[in-house]
Amino acid sequence: MKSPVPKSSAESPRISRREGLQLLTGADLLGLGMIADRVRKKLHPEGSVSFIIDRNVNYTNVCINQCRFCAFYRSKGDREAYVLTKRRLFHKIRETIEQGGTQILMQGGLHPDLGLEYYLDLLRSIKKRFSIHIHALSPPEVTYIAKKAGLSVKDALHALQQAGLDSIPGGGAEILSDRVREIVSPRKISAEQWLKVMEEAHGIGMKTTATMMFGSVEGPEDIIEHLDVIRRLQERTGGFTAFIPWSFQPGNTELGEKSAEVRKRGGAARKASGLPIVRSSALLPATGVEYLRILSLSRIYLDNIPNIQASWVTQGLKMAQVALRFGANDFGSTMLEENVVAAAGVKFRVTVDDIMSAIEGAGFMPIQRDMYYNVIKKGSKGSRGQGR
Amino acid sequence: MSLKRIEKKVLAGKRLTQEEALLLFENDDIFTLGRLANHAAVMKNGSNAYYIRNHHINPTNLCINRCTFCAFSRSKGEKGAYELTIDEIINKLKKWEGSKKRHMPSTPSFSEVHIVGGLHPGWGFDYYLDMIRRIKKALPAVHIKAFTAVEIDHFSKISGLSLRETLIALKEAGLESMPGGGAEILGSRVRNKICPEKISGRRWLKVMEIAHGVGIRTNATMLYGHLETYRDRIDHLTKLRELQERTGGFQAFIPLAFHPMNTKIKKARYTSGIDDLTTIAVSRLFLDNFPHIKAYWVMLGEKVAQLALLFGADDLDGTIMEEKITRSAGALSGHAMTREQLINLIEKAGKVPVERDIFYNPVSP
C-alpha cells in the first residue's frame with residue numbers, strides 16, 4: 001500500500017458528528033473546500049492524482065431488489081433482461097487488457113437463478129484465462145449469494161475469495177440509514193448488513209471501497225450517519241481503500257418519475273407516490289455545489305480513509321477537475337464500459353487520454369494505479385490553466 | 001506581492017493592476033480568489049443572480065470568415081450549410097410563443113431574442129434591417145439583442161454606410177442591444193493566428209465605442225483556452241476596462257471557454273473547470289467598471305456555471321432555446337434549460353434568483 005492511512009489522532013483532531021452536521025449545513029462552500037483541500041494535500045502531498053483503467057461489466061440486469069432510484073434493472077423474463085455469456089464476458093476482459101486495463105469491476109443484479117456455483121465457476125474461469133484483478137460483487141450480491149447457498153457471509157466470501165475474487169466494490173451502500181433505505185430501496189439489505197459484509201471481507205484480508213449515493217430523499221443527518229458508520233468500521237478494520245460519493249441520477253427511475261410528477265401536479269401526485277417529497281425541487285438532480293459540499297465534507301470527516309474519488313461519471317470531467325480541489329485525490333475508473341449511470345440518461349464518453357489530460361489540466365500528475373493504489377505508470381505533471 | 005495586498009485593495013474598492021491580475025491567475029489559492037471575487041460581486045449586485053428567458057436565433061452558418069476555432073461556419077454549397085428566411089425565423093419564434101400562450105396568455109415565453117450568425121456572402125444590409133423590423137412587429141414585447149461587432153463591420157462594408165450610420169439604422173429598425181461576440185482575444189499576436197480574416201481587435205473596440213455612443217448597450221466576451229497566455233487575457237481585459245471607462249456602455253462581460261471539437265485548432269483541449277472559475281473570478285476583480293459578469297452555462301456546463309456564482313459571476317444567461325454554435329464544437333451542456341432549473345441552480349448556490357430583462361431590470365414572473 002503506497003497510500004498513507006492517516007492516524008485519526010494525528011495533528012488535526014477528529015471532527016464530531018455534531019461538527020460534521022454544522023459544516024454540512026452551515027459552512028460556506030469555499031470555506032469547506034479550503035479545509036478539504038488542505039486535508040487532501042496533507043495526505044497526498046506529491047501533487048498527483050490517480051486513476052485505474054478498468055471496465056464495468058454488468059453480468060446481468062435482472063434484479064429482484066428493484067430499487068426506486070435505479071434505471072438499470074429488469075425483471076426476469078423482461079424483453080431487455082440479460083445474463084452475459086462467458087464468451088461475451090471473456091471478450092470484454094480481453095478488450096480491457098488490450099486497452100491497458102488491469103481490473104474488471106463486475107456487478108449485476110440479484111438474479112434469482114444464479115447460485116454460488118455459478119459465481120465460483122465464473123471467477124475460476126476468468127482467473128484461469130486472464131491475469132486481471134477482479135473487483136466484484138457488492139454487499140447486496142454477496143448477501144444474496146450466501147443466503148441462497150445457506151452459508152454465512154463469511155463462508156461465502158471465503159469461497160468466493162478462494163475462487164478468485166480479489167476485492168469488493170462499495171456499491172449498494174446508497175445511504176446507510178434505514179429510514180432512507182426503506183423509502184428508496186425497501187428490498188435491499190439493511191445498513192447493518194452492508195457494514196457486516198464489509199467487515200467480514202476486511203476480516204479475511206479483502207480490501208473494499210465504500211460509496212454513498214446522495215441527493216434522493218435523505219436529510220443532512222442521514223449523510224452524517226452514513227459517514228460516521230463508515231468511519232467507525234474503518235477504525236476497526238482499516239479495510240476501505242477509498243470513499244466515493246456520487247449523486248442520484250433521476251432519469252428513467254421510479255423515484256425520478258414520481259418526483260417529476262409531484263413537481264408538475266402537486267399534492268395529489270405526492271400522496272399517490274407515497275414518497276416524502278417535501279420541497280418542489282427536492283428531487284431535481286443534485287447540483288454541482290451540492291456535490292462539492294458533500295465531497296469536501298467526506299474528505300474532512302473520513303480522516304481514516306486514504307482516498308476520496310471524484311465521480312466524473314455523474315459530474316462530468318470539468319466538475320471532476322474542480323473536485324480535485326475540494327478533497328478528491330483520485331479520478332476512479334476510466335470505465336471503458338459503464339451501463340448503470342448511462343441507463344439513467346447520463347453519458348460522458350471519455351477515453352484514458354481524456355482522463356489524463358483532465359488531470360494534467362487541473363494541475364496534477366496523472367498516475368495509473370491498481371486497486372491497492374500501487375503506482376502502475378506515472379504521467380507528467382500538468383500546469384493549471386495553460387498547460388498547452 | 002501577495003494575495004494579502006490584493007485582498008486589501010479589493011476590500012478598499014481599489015482598481016487592480018495588470019501584474020496583480022497575473023498574480024491572481026497564477027495563484028494556487030482558488031478559495032481566497034473566489035471569496036474576493038464573490039465579495040466584489042456582492043458589492044455590485046448584492047446576492048442577486050440573474051437569468052433571462054431568451055431565444056437564440058442563428059440565421060445562417062454561411063460565413064466568409066472561417067475562423068480556425070469555429071465549428072459552426074460553412075461555405076456556400078458545403079454540407080450542413082443553411083440560411084433561414086425571415087419567415088422561418090419568425091415562425092420559429094412564434095412557435096415557442098404560441099406553445100406557451102395557450103397556458104399563460106398574458107406572459108410571453110421569452111423576453112429576449114439573441115441573434116448572431118455568420119457573415120453571409122449574399123445577403124444585403126436591407127435583409128438584416130428587414131429581419132429586425134419584422135421580428136419587432138411580430139413580437140413587440142420581445143427585446144432584440146442582435147449582431148456582434150464583426151457583423152456590424154460587415155454590414156457597414158456591404159452597405160457603404162459608416163459604422164455610425166449602420167448602427168443608427170439598426171437601432172431605428174428595432175435593435176435594442178448587442179451581444180459581445182467576436183472579441184475572441186483582442187491582441188493581434190493571438191488574433192492573427194486564430195482568426196486572421198476577422199476584423200482587428202482595434203476595429204472591434206471601435207464598433208463597440210460607436211454603438212455605445214449612439215445609445216446601444218452591449219456585452220463583451222473573451223474566448224480563452226486556445227493559444228493565448230494569461231498576459232493575453234489580461235491585455236484583453238485591460239482594453240475592455242479602458243473603453244468602459246470612456247463609454248460605460250458595456251453591461252456584462254462573458255468569458256467563453258474554448259471548445260476544441262470540430263475546430264481547426266488541433267492541439268487544444270477543453271479548458272479545466274478550475275481555469276474556468278479562475279477566469280470568471282479574475283474578470284470580476286479586474287473589470288471593476290463592468291456591472292455584470294456572466295457565467296454562460298452553454299459554454300461552461302450547468303455545474304461549473306452554477307459554481308461560478310460563488311466565484312464572482314452574477315448572471316447565468318437564460319433558457320436559450322436552440323443554441324447552435326457551441327453545440328457544433330462539442331458543448332458539454334444540455335440543449336436548453338427551464339426557469340425551474342435555472343432557479344434551482346441559483347438557489348442551491350445560496351444566491352437570490354432574479355429574472356431580468358435585456359437591461360437587467362427585474363421582471364416579475
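We name chains A, B, ... by the order of the sequence lines, and we start the count at 1 in each one.
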* Would you indicate whether the side-chain heavy atoms of A/D354 and B/Y270 approach each other to under 4.5 Å? => no

* B/D276 portion near chain A, given a 4.5 angstrom heavy-atom threshold -> side chain

* Trace of the side-chain contact (heavy atoms from CB on, under 4.5 Å) decision for B/L307 with A/L29 -> CA-CA 10 Å; B/L307 197 54; A/L29 178 64; 3.6 Å; yes

* **Side-chain donor/acceptor of A/Q321 to backbone N/O of B/I274, under 3.5 Å** => no

* Side-chain heavy-atom pair B/R35, A/D28 within 4.5 angstrom cut-off -> yes

* Mind checking whether B/I30 and A/M34 have side chains closer than 4.5 Å, heavy atoms only? -> no

* Charged N to carboxylate O under 4.0 angstrom, B/R269 versus A/D353? -> no

* Structure fact -> Under 4.5 Å to a heavy atom of chain A? For B/T32 that would be both

* Asked: What pair of heavy atoms forms the shortest contact from B/N344 to A/P285, and how long is it?
  -> ND2-O, 4.4 Å

* Taking C-beta and beyond as the side chain, do A/Q315 and B/K303 meet within less than 4.5 Å on heavy atoms? -> yes

* Keeping the roles fixed (side chain from A/E290, backbone from B/K348), state whether a donor-acceptor pair exists under 3.5 Å. => no

* **Heavy-atom side-chain contact between A/K318 and B/T271 under 4.5 Å** => yes

* Do A/K41 and B/D28 sit within salt-bridge range, that is, some charged N less than 4.0 Å from a carboxylate O? -> yes

* With a 4.5 angstrom heavy-atom cut-off, could you sort out which part of B/L277 is near chain A: side chain, backbone, both or neither? => side chain

* **Proximity breakdown for A/L324 and chain B, heavy-atom pairs closer than 4.5 Å** => neither

* Any chance you could measure A/L30, atom CG, to B/N38, atom CG, to the nearest 0.5 Å? => 7.0 Å

* Rounded to the nearest 0.5 Å, how far apart are CD of B/E302 and CE of A/M319? -> 11.0 Å

* Asked: Of the backbone (N, CA, C, O) and the side chain (C-beta and beyond), which part of A/A323 lies under 4.5 Å from a heavy atom of chain B, both, or neither?
  -> neither

